[in-house]
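Report on the structure given below.
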Amino acid sequence: MSPRPADPALETALTRTFGLRLPVIAGGLMWLSDARYVAAGARAGILSFLTAASFPDPDDLRREIARCRDMAAGRPFGVNVSMLPKLVPGERTADVFRLIADAGVRVVETSGRNPEPYLPILKDAGITVIHKVPGVRYALKAQSVGVDMVSIVGAECGGHPGMDLVGSMVNLALAERRLAIPFLIGGGIGAGSQIVAALAAGAAGVVIGTRFLAADEIGAHPDYKSAMVAATERDTALSMASLRNTIRTLRNETTEIVAQLEAGDPDIGIEALMPYVAGAIGRRAYETGDVSRGMLSAGQSLGLLDRAEPLAATIATLEAEAAAALARLRPAPAARKPREDAHP
Ligand SMILES: Cc1cc2nc3c(=O)[nH]c(=O)nc-3n(C[C@H](O)[C@H](O)[C@H](O)COP(=O)(O)O)c2cc1C
């Protein structure tokens, strides 16, 4: 696997920093992005992230990082630290970053809260920090506190799109105008043509979650993956805006109930919703394949997810689609110049 893009047009600050074949990040996936998945991405030439919150026991996280290193064939990978309070309690967050630094990880993807208090731990260890935010205004803040790169996820994304719900195309153009540090775009990215579009607008790459959910290396029940393949771009729902914690998930019985509860009482609290939205219910769906219940993060690029296959095959498809998009932008010389004998 060449550690460079096949086409120099796909080389960016991201591919150069990490020696990637494609300017693509596989973002952290709660309960799903384990060593097998992350190492598969690393071997295929993208940068993938283990999710620290999926391994609450420090020994388990240490072991999973070591397992990932063994399987990644020397290729770089990172760890995602979501700092939403419900995932990593505040007092534990610094310990998680210290563990990651001690384990020799080169790059972290932070999300959910301002990472500023933890930057000294990461900088001292020479770790690249890519902070993920749901909008350009948060990206500006992240830039001001000294992160190395930002990824901006738009309204289309699986998981948490924030409260403003600005789409990825608008984020892309705004980021190019306003940011000085390298930025990545996410939310609805699932085709190579979109990678080229992002790069053309100044992005250093894209972040993908949903498009990879049916990868063979994702440790979920086959029925879950079949449901992801069968779902379309119209099969997601936004919930929990009443808690200012909007989440985009697969539309199912749970999202219907939560929608009714939120509509009935705009001040409904997390306690009343917990019996439906608790993470353990979603985790069970990954294990049993019954996707009718639980908050199963998924974005609008479900419409672009058309088969379960090895992650490397999806990455090869993205690469071929990016090459085709670049070819469309570079018409063959003969097509550019009309032939002299051609009549209008
Ligand atoms: C099932 C699932 C779980 C996710 N879990 C996390 C997480 O634990 N931490 C995080 O920062 N982002 C998480 N995300 C967001 C992704 O890392 C990524 O930013 C997002 O999926 C990109 O948008 P897309 O879904 O449109 O590709 C999750 C997304 C999905 C689909």
Side-chain angles (χ1 to χ4, degrees), residues 24-34 37-38 41 46-56 61 78-88 93 96 108-113 115 129-135 138-139 142 149-162 165 167-169 171-172 183-191 194-195 198 203 205-215 218-220 224-225 227-228 231 233 235-238 245-250 252 279 282-283 285-286 291 294-305 314 318:
V24 172
I25 279 182
L29 305 173
M30 188 65 188
W31 304 128
L32 297 176
S33 54
D34 63 2
Y37 169 79
V38 168
I46 66 168
L47 185 63
S48 308
F49 288 84
L50 280 179
T51 313
S54 304
F55 304 93
L61 178 57
V79 178
N80 165 282
V81 181
S82 174
M83 295 176 289
L84 284 175
K86 68 176 164 48
L87 294 184
V88 182
T93 306
V96 172
V108 299
E109 177 191 58
T110 51
S111 66
R113 226 187 317 151
V129 179
I130 305 178
H131 186 55
K132 184 161 60 187
V133 293
Y138 305 102
M149 301 185 191
V150 281
S151 50
I152 306 168
V153 287
E156 303 92 326
C157 76
H160 295 278
L165 299 180
S168 294
M169 282 302 267
N171 284 338
L172 182 58
F183 67 90
L184 316 174
I185 282 292
I189 307 292
Q194 293 169 298
I195 301 173
V206 299
V207 54
I208 293 179
T210 298
R211 176 72 174 86
F212 295 151
L213 290 178
I218 287 270
Y224 164 81
K225 295 183 189 178
M228 293 299 115
E233 67 278 14
D235 291 328
T236 70
L238 288 169
N245 188 25
T246 308
I247 185 165
R248 187 183 289 284
T249 61
L250 185 72
N252 61 8
R283 192 178 187 188
Y286 297 142
V291 299
M295 283 292 183
L296 306 178
S297 288
Q300 293 177 335
S301 64
L302 279 175
L304 297 162
L305 169 50
T314 308
L318 292 175

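As the structure is a prediction and not an experimental result, all values here were calculated from the model. All values below come from the heavy atoms of this structure, side chains included, with hydrogens, waters and symmetry mates left out. Counting convention: from 1, in listed order, for ligands and their atoms alike.
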Thr249-Ser297 side chain donor-acceptor pair, cut-off 3.5 Å: no

Heavy-atom closest contact (Ala142 atom, Val150 atom, distance): CB-CG1, 3.7 Å

Any N or O of Asn80 closer than 3.5 Å to N or O of ligand 1: yes

Ala53 touching ligand 1 at heavy-atom level, < 4.0 angstrom: no

Side-chain donor/acceptor of Glu233 to backbone N/O of Leu304, under 3.5 Å: no

Under 3.5 Å: donor-acceptor pair, side chain of Arg248, backbone of Leu238: no

Contact atoms of ligand 1, heavy-atom distance to Ser111 under 4.0 Å: 10 (C), 11 (O)

Nearest option to atom 29 (C) of ligand 1, as decided by whichever heavy atom of Leu29, Thr210, Thr249 sits closest: Leu29

Short N or O distance, Gly28 and ligand 1, threshold 3.5 Å exclusive: yes

Region of Phe212 engaging ligand 1 - heavy atom pairs below 4.0 Å: neither

Proximal atoms of ligand 1 relative to Val153 (non-hydrogen, under 4.0 Å): 19 (O)

Side chains of Phe212 and Leu318 in contact at under 4.5 Å (non-hydrogen atoms): yes

Interfacing atoms of ligand 1 (cut-off 4.0 Å, heavy-atom, Gly187): 23 (O), 26 (O)

Residue of the set Thr51, Leu29, Ile130, Val38 for which side-chain contact (heavy atoms from CB on, under 4.5 Å) holds with Asn80: Thr51

For Thr51, the ligand 1 atoms whose distance to one of its heavy atoms is below 4.0 Å: 8 (O)

Ligand 1 contacted by Lys132 (non-hydrogen, < 4.0 Å): yes

Atoms in ligand 1 with a heavy atom of Gly209 nearer than 4.0 Å: 21 (O), 22 (C), 24 (P), 27 (O)

Contact atoms of ligand 1, heavy-atom distance to Ile208 under 4.0 Å: 27 (O)

Min heavy-atom dist Gly188 to ligand 1 below 4.0 Å: yes

Closest candidate by heavy atom, reference atom 20 (C) of ligand 1, pool Pro161, Ser297, Gly159, Gly158: Gly158

Asn252 (side chain) donor-acceptor with Gly294 (main chain) under 3.5 angstrom: yes

Side-chain donor/acceptor of Ser301 to backbone N/O of Gly188, under 3.5 Å: no

Lys225 side chain to Leu213 backbone, donor-acceptor under 3.5 Å: no

Proximal ligand 1 atoms for Met30, defined as those under 4.0 Å from one of its heavy atoms: 3 (C), 4 (C), 5 (N), 6 (C), 7 (C), 8 (O)

Ligand-residue contact atoms, ligand 1 with Gly27, heavy atoms, under 4.0 Å: 17 (O)

Test item: Lys132 side-chain N/O and Gly112 main-chain N/O as donor-acceptor pair under 3.5 Å: no

